[in-house]
Amino acid sequence: MIDVLYFAWVRERIGLPRERVETSAATPRDLVAELVAREDRYALAFADLSALRVALDQDLADFDAPLAGVREVAFFPPMTGG
Amino acid sequence: MIDVLYFAWVRERIGLPRERVETSAATPRDLVAELVAREDRYALAFADLSALRVALDQDLADFDAPLAGVREVAFFPPMTGG
Amino acid sequence: MTVRVQSAPFDFGAEGAAFAAGLPSGAVVTFTGLVRDPGGLVAMEIEHYPGMTERAIGAIVAEATARWSLDGALVIHRHGRLPPGEPIMMVATAARHRAEAFQAAEFLMDYLKSRAPFWKKEIGADGEEWVAARDADEDALSRW
Amino acid sequence: MTVRVQSAPFDFGAEGAAFAAGLPSGAVVTFTGLVRDPGGLVAMEIEHYPGMTERAIGAIVAEATARWSLDGALVIHRHGRLPPGEPIMMVATAARHRAEAFQAAEFLMDYLKSRAPFWKKEIGADGEEWVAARDADEDALSRW
C-alpha cells in the first residue's frame, strides 16, 4: 500500500486529493500506467507526463526512479510559486 | 572668475571647501597646475590626478575637457556612496 | 535562517525591518511578490503540499547559505485565497556586501518559483484558471 | 520616481511598504545599506555635493527607467553623521516581473556607488579614515 497525492489540476481532474493504492509498481511510470487503466479521469489527468512532476516521499524524482520503500507518491503540474 | 569646490580628503588637505579663483586655464588639468604652483597644500591634494575626479557645473568630466563657460569646478576622490 | 508558510497576510516592510534589526550586515535585499491584477481578478488561490513545502524551501535556503556568506535569510510564503494587492511571498537576505545579498535573493526566488510545491490559480469573475509555468522560470535555474 | 537626500534617519521597512502601496506591480525589490560596525566604529560621516547629488541620482534613475519597464523607483540617501546600525541609503524598484525589478535595483546600486557624489569617512575611537573606493565597485559598472 502506498499513499498517492494529487495537486492543482491533477487533483481536480482525478477528483480527489489523495488515496491509498495497492500496487506492486516498480516506478512512478508503472504506477501511472496502472491508474490510467482504471478510469478515464486518470487517463485525462495523466495524458501528458511531460507536463507533470512527481515527488517520492516529498522529494522531486524521476518517473523512472524506484518505488521500493517509498510511502508517499505525489503527482502535480510544474510549480508556480514565488 | 570661477567657483572651485573641494570634497572629502581633497577639501581637508587644501583646508577649505570652496573658493573663487581668477584663472584663464583652458582645462581642469591647467587649473590644477596653477593651483599646485601656489602652495604646498594644493600640491599635496593634487599629487596624483589618477586618484581624483572632476565635475564641471555638477557633471563628471575629463581633466582635459574645456573650461570655457564653466562656472563651477569641483575636485574630489572617487565616490563611495551607496 | 527563518522559513514561514502561512495563510495569514503579512506586512513585508515590518518583516524586512525586523529581519534586519540587530544583524551586523551592511547590505539587506528584499523581494516581495504581490497579487497583481491584470484586470478582473477576484483572488489568487494558492495551493501547496504541506510537509514537502517546508522541506523544499529549507533545502533551497540551505543551498543559498552554502553558496554565499549570509548573515541571515528569510522566506515567507502564503497559501490560500489572496485578494489583489496583497503580498504572496517575500525573501530577505543580509550580507556584508551587496553583490552577495542580491545574488542570494535572486537564487532563492528562482528556486522557489520552480522547486517549491506551490500552485497558483487565478479566480476571475468569469471563471478560474491555473497559472501555467513559464519556460523563462525553468530556464532561470540554469544560471546557478 | 522619488529621490530624497536627507540627514534624517528613515525606516526602510515603512518606506518600502509605502512605496509598494497602490502600485500595480507583482514584484518589488528593496536594497538597504546599513552602517556596519567591523569593531570600534563610533560613526560613519557622509559628505556630499549638494546640487550635484540630486542631479546625478536623477540621471541614474532616469537611465534605469529607460532601460527597464518599471512601475516605480525610489532612492533615499542620507548624509551627515550616522551611528552603527542605522540605514545609510535604500533603493526600491517595482515591476511586473521579478527579473526587471532585480536588475533595475542592482543597476541603481552600482551607479549610486560610483557616480553619485557621496564620500564616507569612518570615525573610530582612535581616529578617522576616508573609505577608499573599491575597484570592484568601478568594475561593476562594466556589466551594464
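A, B, ... follow the sequence lines: proteins, then strands. Residue 1 opens every chain. Worth saying up front: this structure is predicted, and the values here are computed from it rather than measured.
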Donor + acceptor pair across side chains of A:Tyr42, A:Glu34 (<3.5 Å) | no
Heavy-atom distance under 4.5 Å to chain A: side chain of C:Lys113, backbone, both or neither?
-> both
Please determine, by modelled atom types, if C:Trp130 and C:Glu122 share a side-chain donor-acceptor pair under 3.5 angstrom.
-> no
Pick from A:Thr80, A:Asp59, A:Asp57 with the largest number of heavy-atom pairs that fall under 4.5 Å of chain C = A:Thr80
Crowded around A:Glu19 CD? As in, over 12 foreign heavy atoms under 6.0 Å?
-> yes
Side chains of C:Arg36 and C:Met44: does their closest heavy-atom pair fall under 4.5 Å?
-> no
Residues of residues 80-111 of chain C under 4.5 Å from chain A (heavy atom pairs)?
-> C:Ile88, C:Met89, C:Met109
Select one option (side chain, backbone, both, neither) describing which atoms of A:Pro17 are under 4.5 Å from chain C's heavy atoms.
-> neither
For chain A, find which of C:Ala56, C:Ala59, C:Ala116 contributes the most heavy-atom pairs closer than 4.5 angstrom.
-> C:Ala116
Which region of A:Ala55, side chain (C-beta onward) or backbone (N, CA, C, O), has a non-hydrogen atom less than 4.5 Å from a non-hydrogen atom of chain C, or is it both or neither?
-> side chain
How about C:Arg143: does its CZ atom have over 12 heavy atoms from other parts shown lying under 6.0 Å from it?
-> yes
Pick from C:Ser114, C:Gly33, C:Ala132: which one has the most heavy-atom pairs with chain A under 4.5 Å?
-> C:Ser114
Heavy-atom distances under 4.5 Å only: say whether C:Arg115 touches chain A with side chain, backbone, both or neither.
-> both
Quick one: side-chain hydrogen bond (donor to acceptor under 3.5 Å, both in side chains) partners of C:Thr53, sequence neighbours excluded?
-> C:His48
A:Phe7 vs C:Trp119 aromatic rings, parallel, tilted or perpendicular, using cut-offs 30° and 60°?
-> parallel
Does NZ or CZ of A:Arg11 come closer than 6.0 Å to the centre of the six-membered ring of A:Trp9, within 45° of the ring's axis?
-> no
Residue pair A:Phe63 / A:Thr27, side-chain heavy-atom distance below 4.5 Å = no
